[in-house]
There are 2 protein chains.
Amino acid sequence: MDNSSQGLANYLQCNNIRPTYPRVKVLEFLVVQQNHPTAEDIYLHLVREIPSLSKTTVYNTLKLLVDRGLAKVVNIEENEMRYDVILTKHGHFKCESCGKIVDFPVNIEDIGTEGLDGFKIHEKDVLFRGVCPQCLGREKNGG
Amino acid sequence: MDNSSQGLANYLQCNNIRPTYPRVKVLEFLVVQQNHPTAEDIYLHLVREIPSLSKTTVYNTLKLLVDRGLAKVVNIEENEMRYDVILTKHGHFKCESCGKIVDFPVNIEDIGTEGLDGFKIHEKDVLFRGVCPQCLGREKNGG
DNA sequence: CATAAATTTGTAATAATTATAATATTCTAT
DNA sequence: ATAGAATATTATAATTATTACAAATTTATG
Ligand SMILES: [Mn+2]
Ligand SMILES: [Mn+2]
Ligand SMILES: [Zn+2]
Ligand SMILES: [Zn+2]
């Protein structure tokens, strides 16, 4: 296991997750890419290095990371789940043209909760949709 | 077609949607229930009255309503799409215990968009998760 | 009525995720 | 070091929501 993976292995160990090779690599992909990848994205990338890798292992690992609080599910797509290791509060913007998902800062406490008296709130998500600057530029030129 | 359906038929007609019986009934269900139902929910309810109803028709109608701007998709669940005919800006709270989804007022313009300069924003969603008052009460008592 | 257009329906295809059980690996105690 | 227990990985099948497709039905139009 190379140097950059060592810290992640430790991180898993600290959270009582055995740092097996597939697990470290899944976490590494999430941390390095920060792309909110799908399970499929992760599998397709890692299977090149780990030919024996099973998609089930990717799903198992992601479920484990989410259950232990090391990752979060991002539900901005209709059909597929995406995963995020940035645990600090932030919003997600999805470009309807190229599909990419970008983080943006948002002060979630600014959002009032009138009308939710008596509700226990565990999680607050802010999801925007639109077109990113790159795609807007492309529309102006080639479009 | 009964009286309450007549207004909805008109509403469809005004939006250049032929007010067929299944379409009026799907819209009526959305308007009356305001429950953010799934396609399955709608189908199971309406098929009792319209035995010939096909689930494809429900999906077709929902797609039509969304495309023409008469309904919106609510993507608060991981796996299934829900539908909403309330078009004014509001947030959605999902109870993790009983699964119900409730609307709440939210001033979406309050959410800053620093970090999204140059982005064209089409849609802003606010999704909360937690436990509703009824389920909180049940936890305290029946545990 | 005849014909064309639109709608509905049943069936099959897709695709993401989960369930299950066999196999392989790792841990623990002797 | 080794046996047995616990855990992790894998392949496969099952589940489920949604979409694709084409035949059948209904509705509109001349
Ligand atoms: Mn993020
Ligand atoms: Mn709503
Ligand atoms: Zn883009
Ligand atoms: Zn509840």
Answer yes if the side chains of [X] and [Y] hold a donor-acceptor pair under 3.5 Å, and no otherwise.
| X | Y | value |
| --- | --- | --- |
| B/S5 | B/E28 | yes |
| A/Y21 | A/E49 | yes |
| A/H90 | A/D84 | yes |

Item to check | Residue closer to the 5' end of DNA chain D, A/L64 versus A/P51 (nearest nucleotide) | outcome: A/L64
Item to check | side chain to side chain contact (heavy atoms under 4.5 Å, CB included) partner of B/P22, chosen from B/L53, B/L27, B/L46 | outcome: B/L53
Checklist entry - Should B/K72 and B/E123 be marked as a salt bridge (charged side-chain N to carboxylate O under 4.0 Å, His left out) after you check the CA-CA gap, both sets of side-chain angles, and the distance that decides it? => result CA-CA 11 Å; B/K72 305 194 82 178; B/E123 202 179 355; 3.5 Å; yes
Value in whole Å for how far the [atom2] atom of [N] lies from [atom1] of [X]:
| X | N | atom1 | atom2 | answer |
| --- | --- | --- | --- | --- |
| B/N60 | C/dG10 | CG | P | 13 Å |
| B/Y21 | C/dT9 | OH | P | 12 Å |
| A/N16 | D/dA8 | CG | C1' | 16 Å |
| A/E78 | D/dT18 | CD | P | 10 Å |
| A/M81 | D/dA17 | CE | P | 14 Å |
| B/L53 | C/dT8 | CG | P | 9 Å |
| A/N79 | C/dT14 | CG | P | 16 Å |
| B/L62 | D/dT18 | CG | P | 9 Å |

So, does [X] get its side chain near the phosphate of [N], meaning an N or O under 4.0 Å from OP1 or OP2?
| X | N | value |
| --- | --- | --- |
| B/Y59 | D/dT18 | yes |
| A/T56 | D/dT9 | no |
| B/R23 | C/dT7 | yes |
| B/S52 | C/dT9 | yes |
| B/T20 | C/dA6 | no |

Item to check | Whichever of B/I50 and B/R18 has its nearest DNA chain C nucleotide further upstream toward 5' | outcome: B/R18
Next on the checklist: Just to be sure I understand the geometry, which residues of residues 32-46 of chain A put a non-hydrogen atom under 4.0 Å away from DNA chain D?
Outcome noted: none
Checklist entry - Should B/E96 and B/K94 be marked as a salt bridge (charged side-chain N to carboxylate O under 4.0 Å, His left out) after you check the CA-CA gap, both sets of side-chain angles, and the distance that decides it? => result CA-CA 6 Å; B/E96 288 158 342; B/K94 180 186 177 191; over 6 Å; no
Item to check | B/T38 side-chain N/O to B/D41 backbone N/O, donor-acceptor pair under 3.5 Å | outcome: yes
